[in-house]
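We name chains A, B, ... by the order of the sequence lines, and we start the count at 1 in each one.
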There are 4 protein chains.
Amino acid sequence: MVIGMREGCQKGEVALVISALRQRGLEPRIISPGPQVVLGVVEEISQALAEELTAQISRLAGVEEINRFGTSWKLVSRNFRAQTTSIKLGRGSIGGREVVVMAGPCAVESRQGYLELAQRLAPLGAGVLRGGAFKPRTSPYSFRGLGEEGLKIMAEAREITGLPIVTEVLRASDVELVARYADVLQIGTRNMQNFALLEAVGEVDKPVLLKRGLMATIKELLLSAEYILARGNWQVILCERGVRTFETETRNTLDISAVPLLKQHTHLPVLVDPSHAAGKRELVPALARAAVAAGADAVMVEVHADPERAFSDGRQSLTPEAFADMMADLKKVAAALGRGLGAAA
Amino acid sequence: MVIGMREGCQKGEVALVISALRQRGLEPRIISPGPQVVLGVVEEISQALAEELTAQISRLAGVEEINRFGTSWKLVSRNFRAQTTSIKLGRGSIGGREVVVMAGPCAVESRQGYLELAQRLAPLGAGVLRGGAFKPRTSPYSFRGLGEEGLKIMAEAREITGLPIVTEVLRASDVELVARYADVLQIGTRNMQNFALLEAVGEVDKPVLLKRGLMATIKELLLSAEYILARGNWQVILCERGVRTFETETRNTLDISAVPLLKQHTHLPVLVDPSHAAGKRELVPALARAAVAAGADAVMVEVHADPERAFSDGRQSLTPEAFADMMADLKKVAAALGRGLGAAA
Amino acid sequence: MVIGMREGCQKGEVALVISALRQRGLEPRIISPGPQVVLGVVEEISQALAEELTAQISRLAGVEEINRFGTSWKLVSRNFRAQTTSIKLGRGSIGGREVVVMAGPCAVESRQGYLELAQRLAPLGAGVLRGGAFKPRTSPYSFRGLGEEGLKIMAEAREITGLPIVTEVLRASDVELVARYADVLQIGTRNMQNFALLEAVGEVDKPVLLKRGLMATIKELLLSAEYILARGNWQVILCERGVRTFETETRNTLDISAVPLLKQHTHLPVLVDPSHAAGKRELVPALARAAVAAGADAVMVEVHADPERAFSDGRQSLTPEAFADMMADLKKVAAALGRGLGAAA
Amino acid sequence: MVIGMREGCQKGEVALVISALRQRGLEPRIISPGPQVVLGVVEEISQALAEELTAQISRLAGVEEINRFGTSWKLVSRNFRAQTTSIKLGRGSIGGREVVVMAGPCAVESRQGYLELAQRLAPLGAGVLRGGAFKPRTSPYSFRGLGEEGLKIMAEAREITGLPIVTEVLRASDVELVARYADVLQIGTRNMQNFALLEAVGEVDKPVLLKRGLMATIKELLLSAEYILARGNWQVILCERGVRTFETETRNTLDISAVPLLKQHTHLPVLVDPSHAAGKRELVPALARAAVAAGADAVMVEVHADPERAFSDGRQSLTPEAFADMMADLKKVAAALGRGLGAAA
């Protein structure tokens, strides 16, 4: 059960609602402290009690609306918030009219290389710069990124280009460090159900890009987002990046249906990562176009100045030239559907 | 090995090539009788023999090109035919500049209902009418279609609207009957590896719409098409209609990557069926837009005048109103990418 | 609804039941002509009508029991027949106390090779000889088997060894031919939903070995079996042979849970094919032991005198020596669970 | 590259080997400090350098063997250690002749209930007690376990029964706490690629039970184990617990082939969890028998005194009575294959 107070209501009115709920043994949480105060009761409650409570609370001063949830996710539900959440980022936002394209290499490999690439991508319309400083690797012996050094290089690229930066955080104990540099914290595929990490980013005031697990259902993705919102951070971008199937021609199978499905179920903005889905650069532009056509709010692609020499994921990285071509097409598709190709910058 | 003769070459020139191959113990087949005669040698041959043969045959009169195939599929390969095959249908074609939309109910349920629906769909831009007369059903006790009666109703709808019709054929022994009425023969998902049926439609002079199996890889789909081409019928349209995965929110998972992948591997035109993939009508328009954006040559959707009362697949059928809205959007997306939304009629 | 008549009831009594059903617009079918006559009504009927009919028919002479089905499969259900169906084969049976092992090469490659192998397998405890005469092949250019010549060789092996033979039938039009030679007709994985073929073997008086499709659910397998029973052939053996998943270390993923699940849902006997599931001979003995331990009624393995030279599936074929070792272990596992390792011969 | 020193070699001999490797720019790690000192070089090295190093080092005193790895996993490989690793636990071990059965409820729900159940399971042959104190939950609103209170209850059960206890650890920051109570640390399915957690348990001197991810290949499971061994903890038990497929009749699909595959690839012992795979208690005994028949070293099942009232996973929990029946059968299957059903106690 979620209770939305009127904007500008008084503290005493909120306190009365909380008190009424506590008398029933419930422990309401302040889901959003403002401008609209939102209280959530996440305990399971019976139909009878729900009706009684609704009748009682709706009479209290300052109460605007009361919702019960039919699905197992609550705060992320479009039943709770009808309008798509727009997340401010740089000079723009994600979740609004403009489709934002995030671009950059899989891993930050060197200062010079990253800064040069960033300066090529910015004028081509990239809205956010991506790059890995801490890399999750299936094998303990693979390159794991430059760490804080990589974060500093990305921050420098932001200074130069004015573009916000997104990078992955792997451990709860690293959240504070990464949040000091990054504009968006990415939770990777393997960590979608690392609940300790979800809770850690739930307590930070930074947007979170939450990637779907390789074999996670839509429902599980929404419940993982729920972990973050339940801790008070509502700035979550959901990312479809391909799921694991029997097909071996592609690295993963991009579940394009996730885009309209997520738009139906949740108010959170939706991003598509065609690079990890396809695993082959020649498929990326077609999948990016499909993502925009299906209604995605953002797209994230890997670009490398010299893909054949990338430390990781070179096979799926676009060249800057191919990126420019892709952007031209995405602009046309977005326009056809009444959207722009915006910079978050 | 495939040998393409010059257009207008003489019969004697073809005979000499065949004779040269037979002397090596090979049994060439006439893959295409004209206008360009194409001979195929599908036996596995060693690298050495291939080189020897190429040297010898390329000197013969009338020989234009000789190709060896690197992949396990041969005739369907883009290495063999660089240009997309354009299949004539009605007054238009599939595989050209125009994207064609096929529409209609899952099953033909009654004469009046089908004719009325057909007349609503034609002015909305449908290029081909679909409908099931013989229905494959998982359970032996489900409605299996009207049979020949259904074919007659569809033929009547063609008379009235001028639109070509596509319908499924389930058995090798029915091919002749269905081909008498239908303009396009559909091979359903469950029959993608029913080799007897593939061979039967391979001997008919009608376009074939070959649906990917629920469980089939891209490679297997191409090899099933190869069965049809190998029998002499080159008019094959490949259909992506969703594969089976762990996700249960959708009926199947539309493998949108199949579109650019197939376009890369084969010269055959590619169609997407978002209705069977999604299983929910509210997702169909977004998936149809994604298909066109990804480069599909055609889209096939289920439409029913009263989906809630459909005998089968009502949950995934669009209303005529939703179909009209979808068509307006598809037209814009196609135009953004330099294509039109054409009628095959 | 299924109506079981008393054994030895009179024809007139059956006729009266049929007549009562027809008066309600139903078309009962004779599911089993004897010794116990069984009538089936497969039309969907309302709860109210079902109760009325049950009341009326149960009063008629000769009626022993009336069942309604809760699941979508009917005749195959254990609700209909509580005892496991035992299928007579050679001097033994499948579905009884004895676990039967079927063995032989993927394809019959030559007369001499097949007869020699058969004579090695018989004394090692093989209960049924397998071998492919008509091979389904993903590519139209692969070896498709010796055809009728292969069937004759298998029949000769039966003469010599006394063992029954099982082989695949690919087309409805071949059923009569194959049934002339084979003791068991195998429906392959790709044809599990080839309904024309299912109906054709449903009209033959020979046991059918029905393989689960690569990506078919348990429910779909049962409904495909239902097609065969609904045509009057109740001698169906269900085969689990691995399903398609993301795992690439094995050819397919053996779904061992299918064994207890099928035993729970149906009265039909269950066979496991570990060779096609594993795709690697070194895994086959462990999987065969698991199958027997899980309760399978039969196991089918590929054996080849010289696996490295097999035309197909050599990688997964056991040598005769490895087969002998496996049989020794299977015998112990079967005995531990109160079963024997029987010859069907 | 892994260098095994002779048991009882001198420290100076080890230092010389390390020094030789450092001169080539490599950073060897002490993989095992004794009794046999093992050094590992995990950097990728060229074929040429490997040969040169092998020649040079094999001449040094104290060096017993040098191995290069053909696969991407190294320390877990059977190429490195031919004999199955036997992990001491209680008065027995896992990985030896005896098959060990771990049993207990999904979650520790109350002190009295847990202690009573433990005392019923011990005399029935359970070798290890399981129970969840920290529960990973897909939804943030589900019961997450009693925490340290649960650990204390489990420790009390160990006092009473003499059986070792296994429980899950969810966060790197909890490893120390859980290791203070538990005999075996379990890494759950969702955390198989939580590399921070893998490294944390890699630094503890307690056996680790590593569950395969829902979506993980065999190779990925082995590489996750490699993370733990690379930190110095070689006591890892690998757990197959079902993978996610399209089949919905079972909660997951038990990949029984994983047992022989893992036994082939690695020296680590293998455990099967049929409860989470099946999700239905009636299937558990058959799957447990299959696991033992396929060669598993251990089996873990959920048991609850009153499954219908369990807080979680009741549907898949055996009653103590069903557990007793299962144990009787497992004993017979194990004996048939020359193994016992041992207590780790």
- prompt: Who wins among B:L283, B:T253, B:V333 for the most heavy-atom pairs under 4.5 Å with chain A?
  reply: B:L283
Closest-packed option against chain A by number of heavy-atom pairs under 4.5 Å, given B:A336, B:P274, B:A335: B:A336
field: Partners passing side chain to side chain donor-acceptor pair (under 3.5 Å) against B:R315 (at least two apart in sequence or in another chain)
entry: B:E282
Nearest-0.5 Å distance, CD1 of residue A:I218 to OG1 of residue B:T250: 7.5 Å
task: Select one option (side chain, backbone, both, neither) describing which atoms of A:L261 are under 4.5 Å from chain B's heavy atoms.
output: both
query: Which atoms of A:A216 come close to chain B, meaning under 4.5 Å heavy atom to heavy atom: side chain ones, backbone ones, both, or neither?
result: backbone
task: Name the region of B:K263, side chain, backbone, both or neither, that has any atom closer than 4.5 Å to a heavy atom of chain A.
output: neither
- request: Tabulate, in ascending numerical order, the residues of residues 285-294 of chain B having at least one heavy atom closer than 4.5 Å to a heavy atom of chain A, or enter 'none'.
  value: B:A286, B:L287, B:R289, B:A290, B:A293, B:A294
- prompt: Could you name the residues of residues 237-247 of chain A that have a heavy atom within less than 4.5 Å of a heavy atom in chain B?
  reply: A:V243, A:R244, A:T245, A:F246, A:E247
field: Residues in residues 316-332 of chain A that sit under 4.5 Å from chain B, counting heavy atoms only
entry: A:D329, A:K332
